Amino acid sequence: MSMTLSAQRQKTLSNRIRLMVSLTIGYNVVEAVVAIAAGSVASSTALVAFGLDSVIEVLSAVAVAWQFAGKDPEAREKTALRLIAVSFFALSAYVLVDSGLALWRSQPAEHSPVGIILTVLSLLIMPLFSFIERRTGMELGSSSAVSDSKQTLLCSLLSGAVLIGLLLNSLLGWWQADPICALFIAVLAVKEGVEALKGDSCTTPISQITHEDNSLGQ
């Protein structure tokens with residue numbers, strides 16, 4: 001099994017990443033607007049944090065798009081990774097402060113049917129986006145694409161956490177579940193930010209890292 005991708009295969013994979021990045025940006029712009037608006041109306045810390053995560057995910061996708069818009073994407077790899085890591089840390093800092101204040105003030109969130117529908121949709125859509133970009137990024141040997149796919153997967157995990165919080169608040173009146181779910185978002189964001197900074201190991205072909213068959217998708 002060859003460790004070196006042909007020029008045509010590299011071009012195909014790069015184009016696929018550009019497509020996934022474009023789809024991710026488009027979906028997350030809509031998601032961010034809806035989540036932040038619905039979260040503000042319902043005073044939901046977790047829902048607002050979820051919307052802000054979508055903003056961060058757009059910035060992450062833009063960093064990857066910028067990288068692959070150049071003639072030598074590998075030369076832009078470390079810069080893209082730093083931008084992705086900083087976006088994770090910024091999200092975590094905001095959420096920690098906001099959720100902490102919500103718990104301290106005992107500020108309950110209101111029922112949000114829009115938020116529930118939005119998080120369900122994200123649970124269905126985002127894992128697919130993440131899977132495609134991750135497989136492509138690993139085969140191409142791109143740390144930034146793999147990190148961005150983790151951000152996309154994080155979005156789907158957060159969808160589940162936020163959905164649980166919204167349902168517990170709506171059905172059982174457990175308002176504390178909302179800011180606690182937001183804290184969960186902050187912890188995951190720090191973890192992914194650290195991994196993005198350590199992403200240099202992904203700049204080798206997928207077969208060297210995982211011994212998976214990189215003929216997938218060929």
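None of these values were measured; they are calculated from a predicted model.
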Enumerate, atom names and distances included, each donor-acceptor pair closer than 3.5 Å involving a side-chain atom of residues 28-39, sequence neighbours excluded.
from: Asn28; atom 1: ND2; to: Thr24; atom 2: O; distance (Å): 2.8
from: Asn28; atom 1: ND2; to: Glu57; atom 2: OE2; distance (Å): 3.4
from: Glu31; atom 1: OE1; to: Ser54; atom 2: OG; distance (Å): 2.5
from: Glu31; atom 1: OE2; to: Ser122; atom 2: OG; distance (Å): 2.1

Only pairs under 3.5 Å count here: list side-chain donor-acceptor contacts from residues 80-93, not counting sequence neighbours, and write none if there are none.
from: Ser87; atom 1: OG; to: Ile84; atom 2: O; distance (Å): 2.5
from: Ser92; atom 1: OG; to: Ala186; atom 2: O; distance (Å): 3.1

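Note that CG of Asn15 is 11.0 Å distant from OG1 of Thr136, once rounded to the nearest 0.5 Å. Once rounded to the nearest 0.5 Å, the distance linking CG of Leu128 with CD of Glu133 reads 11.5 Å. Atom-to-atom distance recorded for Ser44:OG and Asn169:CG is 7.5 Å, nearest 0.5 angstrom. Interatomic distance, CE of Met138 versus OG of Ser149, reported as 8.5 Å (0.5 Å rounding). A distance of 5.0 Å separates CG of Leu140 from OG of Ser14, quoted to the nearest 0.5 Å. How far CD1 of Ile125 is from OH of Tyr27: 4.0 Å, rounded to the nearest 0.5 Å.
Under a hydrophobic clustering in which Ile, Leu, Val, Met, Phe, Trp and Tyr are joined whenever their side-chain heavy atoms come within less than 4.5 Å, directly or via other members, Leu96 and Val187 fall into different clusters. Hydrophobic clustering places Leu121 together with Leu23 (ILVMFWY residues linked when any side-chain heavy atoms are closer than 4.5 Å, directly or through intermediates). Cluster annotation: Leu118 and Val120 are assigned to the same hydrophobic cluster (Ile/Leu/Val/Met/Phe/Trp/Tyr, side-chain heavy-atom contacts under 4.5 Å, transitive). Residues Val162 and Ile180 fall into different hydrophobic clusters, defined by Ile, Leu, Val, Met, Phe, Trp and Tyr side chains chained together at heavy-atom separations under 4.5 Å.
Under the 4.5 Å side-chain criterion, counting only non-hydrogen atoms from C-beta, Phe131 is not in contact with Leu153. A 4.5 Å side-chain heavy-atom check between Arg16 and Leu13 finds at least one atom pair inside the cut-off. For the pair Leu47/Ser112, a side-chain contact is recorded, criterion being any heavy-atom separation below 4.5 Å from C-beta on.
The heavy-atom pair separating Ile17 from Ala145 by the smallest distance is CD1-CB, 3.7 Å. Closest heavy-atom contact between Val48 and Ser40: CG2-N, 3.8 Å. Considering all non-hydrogen atoms of both residues, Arg134 and Val146 come closest at O-CG2, 4.3 Å. Heavy-atom minimum distance, Ile25 versus Val58: O-CG2, 4.0 Å.
A donor-acceptor pair is defined here as one N or O able to donate and one able to accept, closer than 3.5 Å; no such pair exists between the side chain of Ser130 and the backbone of Met126. Checking side-chain atoms of Ser170 against main-chain N and O of Leu167 turns up no donor-acceptor pair under 3.5 Å.
By the 4.0 Å N-to-carboxylate-O rule, Glu139 lies close enough to Arg9 to be salt-bridged with it.
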